[in-house]
Amino acid sequence: MSIDPRVASGLRDVPPSVMIPRERMLATFRETFASFGFVPIETPHIERMEVLTGKGAGSDEVLRQIFEVTNKGGEAGKLALRFDLTVPFARFVAKHVNELGTPFKRYAIGSVFRGERPAKGRFREFTQCDFDTVGTESAVADAETAQVIYASLTAAKIPAFTIAINNRKVLNGLLETIGVADQTARVLRVLDKLAKIGRDRVALELQYAEVSENLLDQFAAAQRIEVTNPQLAQELADSVERLGGLNESPFQTFMSREQADRLLDFVTSGRGGIDVLVPVETALRESESAMKGIENLRAIFDLLISAGVPESALKIDLSLARGLDYYTGVVFETTVNGWEQYGSISSGGRYDNLASLFTDRRLPGVGASIGLDRLLALMEEAGLLKGQSTTVPVLVANFPGVAPTVAFGLAARLRKAGIGAEVFPDPIQIGKQMGYGSTRGHKVAVIVGPDEAEKELFNLRDLATRQERKALPWAELERTVAEALGAGS
RNA sequence: GUGGCUGUCGCCUAGCGGUUAAGGCACCAGAUUGUGGAUCUGGAUAUCGCGGGUUCGAAUCCCGUCAGCCACCCCA
């Protein structure tokens with residue numbers, strides 16, 4: 001009885017057709033990060049539990065998603081797999097900041113693990129590509145973060161994408177002005193869903209407490225709240241029918257309809273180019289926090305434009321809030337145009353104090369993370385990954401009746417000249433060998449039959465066009481092949 | 001973690017209570033013993049995700065379980 005070869009939920013194997021573009025993309029990111037002066041570091045996949053959960057005070061969500069690891073005979077609950085690269089980085093910085101000095105810019109690429117329910121583009125093990133700058137509050141570092149996102153995705157040949165930018169301080173100022181500053185965290189969480197669930201729904205959730213979906217539906221129907229979205233209206237009606245009636249409302253009011261509307265008006269009008277900040281600035285003139293935020297956003301835009309980042313790739317989005325609590329300044333979120341439902345492929349922001357759990361030293365920072373696996377899943381679905389399953393452009397045929405030393409020697413010469421080459425291992429029918437190369441994506445085949453071998457000649461076959469140049473001299477092998485590859489690409 | 005939908009050869013799909021589970025793509029062999037992706041002919045591949053139940057009889061109905069997807073939650 002053989003063992004079932006399947007993998008556990010949310011985990012997957014990566015075949016060469018994905019792994020090859022993935023490695024290429026990874027190399028591109030590394031190169032880009034390094035070109036901005038970010039240096040690589042690595043931390044363990046396994047951390048002590050208290051590091052990840054923040055002295056047992058970790059959020060319920062983190063505790064729910066964390067993978068505990070325990071060795072046989074070891075004590076349970078002491079170790080866990082990292083669920084992001086930021087917390088280990090904070091620990092790293094706290095431990096090494098004195099040797100490293102500030103500002104310190106590092107990048108880290110590696111697997112992280114979350115016990116989430118998998119869905120499209122969501123996995124339980126995925127690779128994050130993080131880069132952060134700690135020890136400075138400069139808008140230069142803020143802008144550079146967005147610039148690196150832009151440069152990385154562009155270098156990786158991602159089609160049109162948009163980096164949405166906001167500043168938490170603007171939102172905080174807005175909330176103060178409206179008079180709901182005491183509920184910042186909750187409001188931001190609800191606001192973050194605007195793009196996904198629409199204005200009607202967000203208005204409801206802003207007004208009323210965190211109740212179950214069904215109760216919220218019931219309530220909306222009972223209040224005959226005007227619903228402009230027909231799909232939402234249908235959903236609400238269905239829920240009430242499903243529940244067979246309405247119960248007494250257990251809702252707690254958080255803000256008035258007027259407050260919610262005002263908030264949403266602001267946020268929805270605050271989307272677009274840098275110009276959307278003008279009316280916002282007027283309206284929030286009283287708020288010192290908002291003014292700081294706006295100033296920061298303007299500085300970032302100026303810097304990005306001066307660096308040649310096109311305005312079309314950037315947008316201000318005051319509804320962008322992010323779920324995580326630790327961002328305190330600018331926040332970024334990047335989506336591929338037309339693939340917004342896939343969620344963010346890169347996000348990040350500024351935090352006042354990264355390592356406060358681990359050291360008394362105050363370390364402000366800014367950084368972002370690119371979600372490699374989600375990006376690749378998206379590109380695969382969009383048909384943007386070339387069906388290539390080889391890492392070399394040249395296949396050297398192993399001709400029946402010719403000593404294998406010939407093919408072996410020629411391939412070695414090609415490699416020495418910097419041209420990747422592979423020898424077919426078995427002297428089988430030459431047609432089969434061509435098929436192997438063709439389906440795997442080799443560009444050309446070098447073929448030496450008995451006649452050619454005798455005269456030290458070779459044939460060069462283009463596997464895509466099936467054109468073959470015959471009787472070329474071995475002496476010019478490297479040059480001929482290099483030319484053929486250069487012309488083909 | 002909650003609710004819902006789905007699960008049939010390697011891939012996509014038909015069958016939706018009744019004799020050998022059908023087709024396409026891919027794969028293998030031959031037509032074609034110095035040249036592949038076309039065409040033709042033939043072939044192999046499925047205990048219908050897994051386990052249990054109902055029934056004379058289950059891919060088909062029910063329960064459980066695993067996995068995927070969707071909506072929450074959260075997020076890359």
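- Using a 4.0 Å cut-off, some side-chain N or O of A/Ser347 falls inside it from OP1 or OP2 of B/A76.
- Among residues two or more places apart in sequence or in another chain, the side-chain hydrogen bond (donor to acceptor under 3.5 Å, both in side chains) test is passed with A/Thr162 by A/Asn337.
- A/Asp373 comes within 4.0 angstrom of no nucleic acid atom, judged by non-hydrogen atoms across all strands.
- A straight line from OH of A/Tyr342 to P of B/C74 spans 22 Å, rounded to a whole angstrom.
- If you check every strand for non-hydrogen atoms under 4.0 Å, A/Ile370 touches nothing.
- Near RNA chain B, meaning a heavy atom under 4.0 Å away, the residues from residues 112-127 of chain A are A/Arg114, A/Glu116, A/Arg117, A/Pro118, A/Ala119, A/Lys120, A/Gly121, A/Arg122, A/Phe123, A/Phe126.
- Here B/A76 presents its P atom at 15 Å from CG of A/Leu153, a figure rounded to the nearest Å.
- We find that CZ of A/Phe458 is positioned 20 Å from P of B/U35, with the value rounded to whole Å.
- Residues satisfying the ring pair (Phe, Tyr, Trp, His ring centres under 6.0 Å) criterion with A/Trp339, sequence neighbours excluded, are A/Tyr342.
- Regarding A/Phe332, its CZ atom lies at a distance of 18 Å from the P atom of B/C75, rounded to whole Å.
- Spacing of P atoms, B/A59 relative to B/U47, comes out at 12 Å, to the nearest Å.
- Using a 4.0 Å heavy-atom cutoff across all strands shown, A/Phe399 reaches at least one base atom of the nucleic acid.
- Mapping A/Ser346 and A/Ile447 onto RNA chain B by nearest heavy atom places A/Ile447 closer to the 5' end of the strand.
- Applying the side-chain hydrogen bond (donor to acceptor under 3.5 Å, both in side chains) rule to A/Glu478 yields the partners A/Arg413; only residues at least two apart in sequence or on another chain are considered.
- Legend: salt bridge (Lys or Arg N to Asp or Glu O under 4.0 Å) pairs involving residues 106-121 of chain A, not counting sequence neighbours, sorted by first then second residue: A/Arg106-A/Asp130, A/Arg106-A/Asp132, A/Glu116-A/Arg122, A/Lys120-A/Glu381.
- Annotation: of the two residues near RNA chain B, A/Lys470 and A/Ala8, the 5′-most nearest-nucleotide partner is A/Lys470.
- Sorted pairs that involve residues 147-161 of chain A and meet side chain to side chain donor-acceptor pair (under 3.5 Å), not counting sequence neighbours, are lacking altogether.
- Comparing B/U35, B/A76, B/G34 against the side chain of A/Glu452 picks out B/G34 as the nearest.
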What's touching nucleotides 64-66 of chain B from the protein side, N or O pairs under 3.5 Å?
residue, atom, partner, partner atom, Å
B/C66, O2', A/Arg6, NH1, 2.6

Would A/Phe89 and A/Thr43 satisfy side-chain contact (heavy atoms from CB on, under 4.5 Å), going step by step from the backbone distance to the final call? CA-CA 8 Å; A/Phe89 177 49; A/Thr43 59; over 6 Å; no
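- With hydrogens and angles left out, the side chain of A/Glu468 and the base of B/U35 share a donor-acceptor pair within 3.5 Å.
- Judged by distance alone, with hydrogens and angles left aside, A/Arg64 brings no side-chain donor or acceptor close enough to the base of B/C74 to form a pair under 3.5 Å.
- Between B/G18 and B/C62, the two P atoms lie 15 Å apart (nearest whole Å).
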Given side-chain contact (heavy atoms from CB on, under 4.5 Å), test A/Arg461 with A/Ile447 step by step and report yes or no. CA-CA 8 Å; A/Arg461 185 176 181 85; A/Ile447 303 164; 4.0 Å; yes
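- Every residue meeting the side-chain contact (heavy atoms from CB on, under 4.5 Å) condition with A/Ala453, not counting sequence neighbours, appears here in chain and number order: A/Val402, A/Val448.
- For the pair A/Val481/A/Val394, a side-chain contact is recorded, criterion being any heavy-atom separation below 4.5 Å from C-beta on.
- Counting only Watson-Crick and G-U wobble pairs whose two key distances fall under 3.5 Å, RNA chain B forms stems of three or more stacked pairs at B:1-7 with B:66-72, B:10-13 with B:22-25, B:27-31 with B:39-43, B:49-53 with B:61-65.
- For A/Glu68, there are no side-chain hydrogen bond (donor to acceptor under 3.5 Å, both in side chains) partners at least two apart in sequence or on another chain.
- Judged as a side-chain hydrogen bond (donor to acceptor under 3.5 Å, both in side chains), and not counting sequence neighbours, A/Tyr107 has no contacts.
- Partners of A/Ala143 according to the side-chain contact (heavy atoms from CB on, under 4.5 Å) rule, which considers only residues two or more places apart in sequence or in another chain, are A/Ile300, A/Leu303, A/Leu304.
- When heavy atoms are screened at a 4.0 angstrom cut-off, A/Leu463 is found touching base atoms of the nucleic acid.
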